[in-house]
Protein chains: 2
Amino acid sequence: MTRTSTLIPAPTEAVALEPTRVAVSTVIFTLRRLADSDTASVVLPLVRRTRDPHEDQWALPGGWLDVAEGLDAAASRTLAETTGLAPSYLEQLYAFGAVDRSPTRVVSIVYWALIRPDDIPDESDENVRWFDAASLPQLAFDHNEIVGYALWRLRNKVGYSRIAHGLLADEFTLAELREVYEAVLGRRLDPANFRRQVENSGTLIPTDHFRTGSHRPARLYRYNQDVELADRGPLDTRH
Amino acid sequence: MTRTSTLIPAPTEAVALEPTRVAVSTVIFTLRRLADSDTASVVLPLVRRTRDPHEDQWALPGGWLDVAEGLDAAASRTLAETTGLAPSYLEQLYAFGAVDRSPTRVVSIVYWALIRPDDIPDESDENVRWFDAASLPQLAFDHNEIVGYALWRLRNKVGYSRIAHGLLADEFTLAELREVYEAVLGRRLDPANFRRQVENSGTLIPTDHFRTGSHRPARLYRYNQDVELADRGPLDTRH
């Protein structure tokens, strides 16, 4: 071993002294109908890694926290840089910090977001691809576990908030709303029961507009804007 | 300015290159009845800071994340080291990372916990004191904001989970349960309405035991253990 100045730490010391680093990642969901299916699926974009660790594997969009930016800003920036997406709704999900989740020590602050299919730009980047959340390949790091947790939160949230609105246009039919719930919950819902529950909930306002097409006209609804999309509590004012 | 070796960065460079550090803090609530009051209050322990920044101000118990420990472990360790408390229920709350929340860049992963009054050890440490959550002094860093967010989550959680159990003995009267809700929600509840709602919820099981004392005997209840105390979803298995 070459002896150098004591001011320069030996390689093993350098590793031991390497600090914990902070990254941000975002799980962003939308709905996509497969060409040969009458049901929609929850899908999310993944980015192919171009360097080690996990080179060529798919990973959540994200990056390092800059020392001069807040967590929310870092999530928005890294999502835009990697995928071009700019969702209106972005919420902190959880901090993942298991010691062995990466070869170096990385705490990842994970955000999640919903985006409407119509708000996804058409750009194509061969290193970004949308995957069905229910059938993912082996992802880099602990990202399968992170997506699983985000799906669990999404399923919980559709039950007690207007979160489904983040996947719908401003006006929608009850069939379209039911399709969101079916995709998120992963099971079919009885149309008559669903209609009754939604109409009794008081969260929807019927409009005078109808969706016309190959079926009989269906009334369009919108959400009651007096109710918050998803109550984040006092942190809502921190942006 | 003294010229030194170029291997040693000048002070301004050192500051600029200082990495983001990760800390953990815990908000731990219990109930306390004031001697001259017939209502209970939500209280939490704070630790007096013995060094800058914010020397002598009160702060949440916590400390630095060790490079070789997970986030949950760090929260438990730093809580025990600063307060001696070892709650059975500890949940990640939120990551606070505003750029200006500390003189250096610190991302703080905040946990929250509930502890039963009977589980608090008697030790006295002059640098640890319990404060009424509703009337805190100016705390160090952004800790007032953090406590406010934790209180908001606590109030939300009592509404749809068995979280109140974390503040009660295994068997309790309906009056004791109502006292928890009143302290958390900060308002009086009608005893007859409360009894009806709780009995209809199916989460309580009446026992054959009664609390006797100066009032007429009151039946003791316990929570239905088939229901999770608070569903953390897939992350529950990560310990």
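The candidate from L151(A), T20(A), V22(A) with the greatest count of non-hydrogen atom pairs under 4.5 Å with chain B is T20(A).
Here the straight-line distance linking atom OG1 of T26(B) with atom CH2 of W112(B) works out to 12.5 Å at 0.5 Å rounding. Here the NE2-CG distance, from H143(A) to L136(A), works out to 12.0 Å after rounding to the nearest 0.5 Å. Distance check: F194(B) CZ to R178(B) CZ gives 7.5 Å after rounding to the nearest 0.5 Å. To the nearest 0.5 angstrom, Q57(B) atom CD is 6.0 Å from Q138(B) atom CD.
At a 4.5 Å heavy-atom cutoff, the contact between L71(A) and chain B is made by backbone and side-chain atoms alike. Residue contact with chain B, scored on non-hydrogen atoms closer than 4.5 Å, involves the side chain of L65(A) exclusively.
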